[in-house]
Amino acid sequence: MTSTTSAMRSEIAQQPEALRRTIAELLPLRPEIEALGRRTKQVLFIARGSSDNAAVYGGYLLQTHTGRMATLGSPSIATTYGARVDLSGVLAVAISQSGRTEEIVETMRWAADCGAATVGITNGAGSPLATEADVALVTQAGNEVSVPATKTYTTQLAALAVLALGLGADLDTSDLERVPDAVEQLLEAPSEPLDEIVERMAATQGAVISGRGTVLSTALETALKLKEACYLHAMGLSTADLLHGPIAVLGSHTPTLLMAAPSGPVLEGTVSLAERARLADSPVFGFGGGQALAEASDVHVPVPDLPEWLAPLHLIVPAQLLTESLARRSGLDPDVPRGLNKVTQTA
């Protein structure tokens with residue numbers, strides 16, 4: 001990879017410590033989350049952008065490990081349509097990096113007025129989201145300068161893991177505490193696989209990024225990063241949805257990036273998709289997925305072995321590195337994508 005350092009690259013490198021601080025700060029709040037859990041049965045996520053991708057992770061995590069129904073909300077129901085919805089028995093989880101995105105704050109207020117208990121997940125201590133939520137999970141990422149979210153995104157995922165633990169997920173807290181070391185290991189890993197992917201993607205106009213289950217969040221977030229920093233026509237979707245029509249776009253000029261945990265119930269399907277993509281002459285770049293995905297990929301990026309429920313917290317890191325390097329390889333500034341600001345306000 002090229003040697004120039006961007007703010008995005010510096011902030012990617014800050015993630016191990018940001019995660020350590022966040023996990024240490026939020027784990028003691030499990031009793032407060034548990035108290036809200038006793039008052040509620042379902043979870044409604046309120047978010048946009050990268051935070052919405054984090055919410056996808058939260059939805060899979062809560063439904064598979066707490067037995068609670070969890071859905072992604074549509075803020076326009078509150079802010080544009082002004083509809084009234086009975087949210088008694090609902091835990092509304094609003095996610096915003098700054099905690100100041102008006103649409104998200106307004107929708108959280110609306111949810112509370114409709115009878116929901118509220119949790120705010122934000123990096124903005126003292127923000128409206130943090131001060132108005134029943135419980136605030138304030139991440140400890142520090143100031144983030146680059147417009148593409150990196151450390152604020154991974155710390156949001158950590159906050160969602162703590163939320164699941166507080167809501168009764170029978171999962172091992174010590175595994176969560178291993179995540180910062182796994183991210184550190186990835187940052188110290190040889191760069192050759194990512195270097196090769198960057199060179200092979202330098203001339204492409206688009207890519208398909210896919211994963212399933214908890215890792216769908218990683219595919220969606222990777223696609224968003226490639227769009228905003230590299231200006232690629234990047235399609236992020238589940239491996240199941242890809243088979244329902246979009247697979248037709250795969251070909252020699254459209255690489256397939258596949259994300260998977262080292263093990264789990266969706267790995268076999270991801271490997272099968274890699275094989276189909278190669279039959280379509282699409283270059284296949286595998287992230288994680290252990291030896292099975294490595295053997296089915298043209299280029300493979302290995303990741304440390306973490307349980308599937310935590311894989312999104314470290315799988316996104318090589319994708320962030322890929323995005324930052326590809327942007328600079330293309331002569332773009334990854335810190336300041338055109339037409340974007342750090343805080344996006346939606347009408």
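None of these values were measured; they are calculated from a predicted model.
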Could you give the side-chain donor-acceptor pairs of residues 281-296 under 3.5 Å, partners two or more places apart or in another chain?
from: Ser282; atom 1: OG; to: Thr254; atom 2: O; distance (Å): 2.6
from: Ser282; atom 1: OG; to: Thr256; atom 2: N; distance (Å): 3.3
from: Ser282; atom 1: OG; to: Thr256; atom 2: OG1; distance (Å): 2.8
from: Gln291; atom 1: NE2; to: Glu295; atom 2: OE2; distance (Å): 3.2

| task | Given side-chain contact (heavy atoms from CB on, under 4.5 Å), test Leu273 with Ser210 step by step and report yes or no. | result | CA-CA 9 Å; Leu273 178 58; Ser210 191; 4.0 Å; yes
| task | Step through the shown structure and confirm whether more than 12 heavy atoms of other residues, nucleotides or ligands are within 6.0 Å of CD on Gln63. | result | yes
| So, Arg39 and Glu34, do they make that salt bridge, N to O below 4.0 Å? | no
| Are the side chains of Pro304 and Leu186 in touch, meaning some heavy atoms are under 4.5 Å apart? | yes
| Distance-only polar pair, side chains of Gln97 and Thr122, donor-acceptor under 3.5 Å | no
| Donor-acceptor pair, His314 side chain versus Ala311 backbone, under 3.5 Å? | yes
| Is there a donor-acceptor pair under 3.5 Å between the side chain of Thr40 and the backbone N or O of Val90? | no
| message | Could you check whether any side-chain N or O of Ser51 sits under 3.5 Å from a backbone N or O of Ala47, counting only pairs where one atom can act as donor and the other as acceptor? | response | no
| Is a donor on one side and an acceptor on the other found under 3.5 Å between the side chain of Thr118 and the backbone of Ala133? | no
| remark: The side chain to side chain donor-acceptor pair (under 3.5 Å) partner of Asn123 among Thr22, Thr139, Asn143, Thr152 is Thr139
| Would Arg178 and Asp175 pass as an ion pair if we require N to O under 4.0 Å? | yes
| field | Arg276, CZ atom: more than 12 neighbouring heavy atoms under 6.0 Å | value | no
| query | Within the side chain of Tyr57, is there an N or O that forms a donor-acceptor pair under 3.5 Å with the backbone of Trp309? | reply | yes
| request: Working to the nearest 0.5 Å, report the span between CG of Leu216 and CD1 of Ile209. | output: 11.5 Å
| message | Please check: side-chain N/O of Glu11 versus main-chain N/O of Val145, any donor-acceptor pairing under 3.5 Å? | response | yes
| query | Is it true that Arg328 and Asp333 have a side-chain N and a carboxylate O under 4.0 angstrom from each other? | reply | no
| query | Does Leu232 reach the side chain of Lys227, with side-chain heavy atoms less than 4.5 Å apart? | reply | no
| Does Ser325 use its side chain to pair, donor to acceptor, with the backbone of Leu321 at less than 3.5 Å? | no
| Does any N or O in the side chain of Ser191 come within less than 3.5 Å of the main-chain N or O of Leu194, such that one atom is a donor and the other an acceptor? | no
| request: Check for a donor-acceptor pair, side chain of Asp335 on one end and backbone N or O of Met8 on the other, with a separation under 3.5 Å. | output: yes
| Should Lys151 and Glu17 count as an ion pair when the cut-off is N to O under 4.0 Å? | no
| said: Is it the case that the side chains of Gln15 and Gln320 hold a donor-acceptor pair, with the cut-off being a distance below 3.5 Å and no angle test? | reply: yes
| task | Measure the spacing between CZ of Arg30 and CG of Leu137 and express it to the nearest 0.5 Å. | result | 12.0 Å
| request: Verify whether one side chain among Glu324 and Ser6 offers a donor that lies under 3.5 Å from an acceptor in the other. | output: yes
| message | How close do Ile104 and Ala94 get, counting heavy atoms only, and between which atoms? | response | CG2-CB, 4.0 Å
| task | Please determine, by modelled atom types, if Lys225 and Ser50 share a side-chain donor-acceptor pair under 3.5 angstrom. | result | yes
| query | When rounded to the nearest 0.5 angstrom, what distance separates CG in Leu250 from CG in Leu242? | reply | 5.5 Å
